Amino acid sequence: MHHSQINSEIRKLIAEGTVLPAHPLALTAERRLDKTHQRALTRYYIDAGAGGLAVGVHTTQFAIRDVGLYKPVLELAAETAASWTKRPLAMVAGLAGPTRQAVTEARTARDIGYHAGLLSLAAMRNASEDEIIAHCTAVAAEIPLVGFYLQPAVGGVILSSRFWQRFASIDNVIAIKIAPFNRYRTLDVLRGVAAAGALDRVALYTGNDDHILLDLVLPFDLRDKGITTRTYFKGGLLGHWSVWTASAIEQFERCKQARHQDSVPADLLALDARVTDCNSAFFDVANNFHGCIAGCHEVLRRQGLMRGLWCLDPNEGLSPGQIEEIDRVTREHADLSDDAFVAAHLSKWLA
């Protein structure tokens, strides 16, 4: 599928930028798919105002592939979304593994009705740049691609600006999730896309959970041969946005309104640090992100959107001291939560 075949409303939605929560995986105590709460999560994100969903990604747990849940989880999200709303939603499927696996997953996602694939390169960490580009090109032949610069702490590969120039030159690339949690490497991607002349075609999405609002509001000036090109992040595809989503969407809209203005409100700039403080607890920065998935689960569990913190890997859970950090940020930044919104609709989502 070529990007020109995507519904024009959805193509415009992706290009102009939107909120794409990374969808978690709801499990029972026996570590089986909890369909009731999985549907509730999908409905929550839609009613909160998300422009789409990213399913089968890191936050959904890459291990779904090892237990036969990849296709069922993608299908459940797509079916739930289609039955819950008629407004356009951008559906992005996580793609992983070596080329044969990633191509197969791309075909599966495409056949279910997903519009794009977020391509993890973690399995290619020992490959050359030429081999990675060949890998990306093969997958792009099946489905429009969203590039994924995943931070090394959770399996990402360090890539050069030249790589991102070559990647952005692939015709069926429509966006890049930039999530190295590193300002230097973030700029590498921006410079690469600009060098490819692809800024008009490839939408920049932040995945930098440590600088969400600054990425979304600040201009980036890129210089080449004395010529300045100004660009912006268009949207976000974030694990952090799997929690307190209604509040996150309000923040996103504030950022959009502040773009292109002569000045950005100081309160909005200061809010970036508060959001980052919350992320430090949810993503378990103190323990090198070991509890990042379980931390998001804990926030959702407290709201009733999940029944427990269970991950597919029994060794994956909250780190020592993480629960106290989540208590702290929940108390200190209570106004950033969407607890009241969830409480008002939870019974409907669980029905």
Side-chain angles (χ1 to χ4, degrees), residues 19-22 24 44-45 48-50 58-59 149-154 156 177-186 205-218 233 235-259 264-303 305-306 309 316-343:
V19 169
L20 296 173
Y44 160 54
Y45 298 131
H58 176 248
T59 306
Y149 201 174
L150 178 64
Q151 61 153 324
V154 289
K177 170 180 173 171
I178 304 171
F181 287 32
N182 182 298
R183 307 315 287 169
Y184 302 111
R185 292 171 189 158
T186 294
Y205 275 67
T206 182
N208 287 321
D209 302 76
D210 60 341
H211 270 300
I212 297 171
L213 299 193
L214 287 184
D215 272 357
L216 290 171
V217 76
L218 294 181
F233 278 88
L237 197 169
L238 295 147
H240 183 90
W241 281 354
S242 68
V243 303
W244 295 358
T245 310
S247 177
I249 289 167
E250 292 176 1
Q251 295 163 16
F252 174 70
E253 293 300 328
R254 288 179 63 187
C255 290
K256 283 181 65 176
Q257 293 169 12
R259 287 180 202 160
V264 177
D267 286 348
L268 182 56
L269 294 174
L271 184 57
D272 176 79
R274 296 182 61 207
V275 172
T276 301
D277 190 29
C278 293
N279 182 262
S280 71
F282 302 160
F283 270 34
D284 191 26
V285 174
N287 296 284
N288 203 29
F289 305 95
H290 173 79
C292 60
I293 292 175
C296 293
H297 288 187
E298 172 62 13
V299 179
L300 296 168
R301 184 199 65 78
R302 293 181 184 200
Q303 293 180 316
L305 283 160
M306 297 183 85
L309 311 186
E316 193 167 351
L318 295 175
S319 294
Q322 188 178 3
I323 197 76
E324 289 80 10
E325 275 296 284
I326 293 173
D327 288 341
R328 178 186 66 79
V329 299
T330 299
R331 181 177 63 252
E332 294 178 358
H333 305 290
D335 58 312
L336 302 185
S337 80
D338 62 357
D339 290 353
F341 171 74
V342 173

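Just so it is clear, the model here is predicted, and its values are computed rather than measured.
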Asks: Enter the distance from Asp277:CG to Leu271:CG here, rounded to the nearest 0.5 Å.
Replies: 11.5 Å
Asks: Any donor-acceptor pair under 3.5 Å linking the side chain of Thr330 with the backbone of Asp327?
Replies: no
Asks: Is the shortest side-chain heavy-atom distance between Leu309 and Glu316 below 4.5 Å?
Replies: no
Asks: Working to the nearest 0.5 angstrom, can you tell me the gap between His297 NE2 and Leu318 CG?
Replies: 10.0 Å
Asks: Report yes if the side chains of Phe289 and Asp209 come closer than 4.5 Å at any heavy-atom pair, otherwise no.
Replies: no
Asks: Please determine whether a side-chain nitrogen of the Lys or Arg among Asp335 and Arg274 lies less than 4.0 Å from a carboxylate oxygen of the Asp or Glu.
Replies: yes
Asks: Roughly how far, to the nearest 0.5 Å, is the CZ atom of Arg254 from the CG atom of Asp267?
Replies: 7.0 Å
Asks: Go through Gln151 and Asn208 one step at a time and tell me if the side-chain contact (heavy atoms from CB on, under 4.5 Å) criterion holds.
Replies: CA-CA 9 Å; Gln151 61 153 324; Asn208 287 321; over 6 Å; no
Asks: Calculate, to the nearest 0.5 Å, the distance between atoms OG and CZ belonging to Ser247 and Phe252 respectively.
Replies: 14.0 Å
Asks: Taking all non-hydrogen atoms of both residues, which atom of Thr276 and which atom of His211 are closest, and how far apart?
Replies: OG1-N, 4.2 Å
Asks: With Lys177, which of Leu237, Leu238, Thr206 fulfils side-chain contact (heavy atoms from CB on, under 4.5 Å)?
Replies: Leu237
Asks: Could you report the tightest heavy-atom contact between Pro24 and Tyr45, atom names first, then the distance?
Replies: CD-OH, 3.1 Å
Asks: So does Glu298 pair up with Arg302, basic N to acidic O under 4.0 Å?
Replies: yes
Asks: If you round to the nearest 0.5 Å, how far is CG of Asp272 from CD of Gln251?
Replies: 9.5 Å
Asks: I would like to know whether Met306 and Cys296 meet side-chain contact (heavy atoms from CB on, under 4.5 Å); could you show each step before the answer?
Replies: CA-CA 10 Å; Met306 297 183 85; Cys296 293; over 6 Å; no
Asks: Return the orientation label for the Phe181 and Phe283 ring planes: parallel under 30°, perpendicular over 60°, tilted otherwise.
Replies: parallel
Asks: Please step through side-chain contact (heavy atoms from CB on, under 4.5 Å) for the pair Trp244 and Cys278, ending with a clear verdict.
Replies: CA-CA 11 Å; Trp244 295 358; Cys278 293; 3.8 Å; yes
Asks: Looking at every heavy atom in both Gln322 and Ala281, which two are closest together, and how far apart are they?
Replies: NE2-O, 3.2 Å
Asks: Asn287 side chain to Ser319 main-chain N or O, any donor-acceptor pair under 3.5 Å?
Replies: no
Asks: Quick one: pull up CG in Asp210 and CG in Asn182 and give me the separation to the nearest 0.5 Å.
Replies: 9.0 Å
Asks: Write down the atom of Val217, the atom of Arg259, and the distance for their closest heavy-atom approach.
Replies: O-CG, 4.1 Å
Asks: For Val19 versus Trp241, what's the shortest heavy-atom pair and its separation?
Replies: CG1-CE3, 3.5 Å
Asks: What pair of heavy atoms forms the shortest contact from Thr245 to Pro21, and how long is it?
Replies: CG2-CG, 4.0 Å
Asks: Yes or no on side-chain contact (heavy atoms from CB on, under 4.5 Å) for Val342 and Leu300, after CA distance, side-chain angles and deciding distance?
Replies: CA-CA 10 Å; Val342 173; Leu300 296 168; over 6 Å; no
